[in-house]
Enquirer: 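Here it is, the structure, as structure tokens.
To find a chain, count down the sequence lines: A is the first, B the second, and so on, and within it residues start at 1.
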Amino acid sequence: MATGGGAGNKTYSFKVVLLGEGCVGKTSLVLRYCENKFNDKHITTLQASFLTKKLNITGKRASFLTKKLNITGKRVNLAIWDTAGQERFHALGPIYYRDSNGAILVYDITDEDSFQKVKNWVKELRKMLGNEICLCIVGNKVDLEKERHVSVEEAEGYAESVGAKHYHTSAKLNKGIEELFLDLCKRMMETAQAEERAKGNGASQSTTSRRGVQIVDDDPQAATAAGGCCSSA
Amino acid sequence: MVAVEVEKMLRLAEQCLERVKSFKIIDSGPKYNPRPGHRRVLSEGGGVVSLFLPPEVFQRLQTVESQDTRKELTPIEEASRLNQKLKANCEARLARLPPAQARTQKTSLTLSLQRQMMENLIIAKARRFAASGTINGEEQEQRVLYTNILEYEQDHDWPKLWKAKLKKNPDDATLVTGLVSCLLSCPDHPVIKLLKRLQYRVYNRLYPIVSKSLPASPALPMKPSRSTQSLLISDSHQNVSKSGTGHSLSSDLDQEFLVQDLEMHALKKHLKAIVKDIHIAIDQLLSLCLLSFECLNTANSKDLCVASIEEAFFTPIWSPLLTLFRKVHRERELSFESSMRLYQDASPGDVGVASKLYPQDHVVLHGSYPYESAVQELRLLCRDCCPQKKLECIVRTLRLICACAEDYCCLHEADSKTAAIGADDLLPILSYVALHCELPQLVSECAALEEFIHEGYLIGEEGYCLTSMQSALQYVESLHTGGFQLHNTKSA
């Protein structure tokens with residue numbers, strides 16, 4: 001869903017979905033990222049300037065956030081969609097991640113189970129969205145290194161095997177978060193640019209069709225029942 | 001046989017009622033009736049039917065058809081008629097001028113007369129071209145429409161005035177909305193004529209489907225003729241073991257299932273086709289609008305333009321459109337209703353809201369219940385008649401939820417700092433709010449929004465709010481099956 005602006009002066013709009021079990025720190029991660037005012041040191045090292053604009057609707061809302069950035073002269077609007085980690089809302093995943101350009105899959109390094117959940121998400125995303133989506137696997141809470149239950153080698157190896165990138169973060173210490181998002185943005189831009197090139201003639205717009213992704217069927221029973229016997233007009 | 005007679009009498013009565021209503025509604029417009037008893041919303045499904053006007057009446061309610069006899073004339077005849085009119089006007093104006101002034105003005109008036117007469121001939125040529133069948137239907141229609149616009153602008157000054165104003169301030173949003181609302185108030189303008197025509201077409205397709213009363217009686221969930229699923233639904237909260245009877249249905253009933261399945265399939269197909277028609281209609285209207293007013297062809301103005309067109313387009317047809325959505329999503333609404341009844345007295349904690357996010361102390365609530373303001377706001381959604389407005393209502397609901405959550409958090413002063421409302425917190429609260437709304441039609445409303453909200457909005461905050469609402473609704477629907485265990489401590 002990267003959309004072009006004026007010629008040569010384009011603005012990318014990316015949707016990033018945040019997935020992971022409850023309590024792994026998804027929300028704090030993104031809150032850290034969007035609330036933190038820009039940090040001079042990072043700008044010089046990463047050659048990027050950050051312009052923060054948080055859609056902070058009521059002081060403490062953190063389920064939907066936007067951030068505007070400027071990366072190597074290109075404007076990027078990030079829309080970050082938080083999802084509920086509870087198992088009972090998982091069936092509703094597809095309507096959240098449809099049309100996403102990127103996904104951040106968060107696990108807690110002290111919780112083996114949360115890493116398993118990440119693996120499940122990866123499988124589902126690859127199955128539903130293919131290779132178009134940029135995946136980031138994030139081991140959060142590195143401040144609790146002593147209680148680590150997911151080994152670095154295992155996590156990084158797994159990420160590589162599924163074409164994802166792995167990051168170590170700590171929302172508490174504000175570690176690794178800027179890098180994670182900046183890296184993701186760059187990758188999404190590359191994907192969008194490759195897509196544009198593939199389309200040829202440098203068309204600045206690469207919008208998906210009106211209903212890009214099928215909406216999850218509301219009623220599986222009805223769908224199967226109507227499946228075979230229908231010839232009516 | 002008796003049933004047939006009764007059916008006939010009912011239909012007759014219904015027709016009478018429609019007649020009477022059509023007279024009554026003429027000045028108030030078709031409006032949505034907020035239902036007094038929420039509990040009965042679904043069962044009233046059959047009763048809503050008679051609210052819809054027959055298409056003829058609907059059309060009469062739209063702007064009265066202009067009595068143009070012009071259709072009889074060929075393009076060239078038409079042009080010459082117009083030119084004669086122009087000439088007469090010009091001569092009349094000249095005659096009104098004082099003699100001294102007349103001499104100087106005469107030349108300029110004559111010049112402008114000549115220019116306009118030339119334009120008329122160009123239009124005539126365009127129309128003749130349009131009439132010669134060498135181009136395909138769509139192109140031809142476009143040309144005819146364009147010619148109509150040119151003609152209209154010759155007869156009316158206001159488009160020129162607005163264009164001049166906008167040229168000076170192309171980015172002035174108030175000017176843009178001013179122009180669009182001016183346009184919408186001109187029933188003779190080709191854009192508006194097209195709007196009425198397309199609207200009528202949609203209504204005409206909807207009417208036969210939504211005015212047909214359902215084969216089953218209002219008390220749907222209780223009837224054995226419904227699918228096994230709804231049997232389970234209505235019984236599950238009383239006695240799960242009863243569900244066994246669902247399998248021993250006679251072949252008569254099986255037959256009925258089949259018919260119902262076919263019917264549902266046909267309904268879904270209709271819905272899909274109508275949704276597509278509406279998308280095409282809106283696109284068509286927008287492009288004609290931009291053709292008339294090129295100055296509106298900027299990203300921001302276009303958005304404003306679409307919003308106004310949509311509001312005008314959807315308002316009179318939303319109610320029958322929603323009725324169709326409700327028919328298609330009936331099973332889902334029934335599930336929602338069952339959960340609603342089951343969880344009537346549930347506390348936020350029962351649907352998984354963290355205890356710090358709602359007050360347990362009844363004194364604090366002053367006799368109301370948690371998140372009441374959000375519930376009230378969400379109920380208003382059904383009052384609006386256009387998708388964009390409804391979406392705004394959902395956004396407001398979510399904001400109110402966050403505001404309430406923050407307030408409640410402050411009551412637990414101990415850890416007021418950790419009160420970021422992420423999705424983990426938001427969805428359970430939203431589910432609680434949806435349950436307490438007691439409006440199963442929300443399911444269909446949101447399904448309709450999903451179809452009509454633009455892609456551009458879906459990536460932003462509005463899209464996030466709609467998606468969250470959809471998730472919460474689906475969760476609520478699933479509650480009554482007991483697949484999800486109640487959360488936390490269900491207080492005795």
Enquirer: In Å and rounded to the nearest 0.5 Å, what is the CZ to CG distance from A:Phe64 to B:Leu426?
Expert: 12.5 Å
Enquirer: Do you know which two heavy atoms are closest between B:Ile459 and A:Ala79, and how far apart they sit?
Expert: O-CB, 3.7 Å
Enquirer: For the residue pair B:Ala423 and A:Thr83, what are the closest heavy atoms and their distance?
Expert: CB-C, 3.2 Å
Enquirer: Which heavy-atom pair separates B:Asp424 from A:Gln86 by the least distance, and what is that distance?
Expert: O-NE2, 2.8 Å
Enquirer: With a 4.5 Å cut-off on side-chain heavy atoms, are B:Leu458 and A:Lys15 touching?
Expert: no
Enquirer: Quick check for you: among B:Ala299, B:Ala447, B:Gly463, which has the greatest number of heavy-atom pairs under 4.5 Å with chain A?
Expert: B:Gly463
Enquirer: So with a 6.0 Å cut-off around NZ of A:Lys119, is the heavy-atom count from everything else above 12?
Expert: yes
Enquirer: In terms of relative ring orientation, are A:Trp81 and B:Tyr464 parallel, tilted or perpendicular, with 30° and 60° separating the classes?
Expert: perpendicular
Enquirer: If you look at every heavy atom in A:Ile95 and B:Thr467, which pair is closest and at what distance?
Expert: O-CG2, 3.4 Å
Enquirer: Which heavy atom in B:Gly352 sits nearest to a heavy atom in A:Arg88, and how many Å separate them?
Expert: CA-NH2, 3.7 Å
Enquirer: Given that the side chain runs from C-beta out, which part of B:Ser431 has a heavy atom under 4.5 Å from chain A: side chain, backbone, both or neither?
Expert: side chain
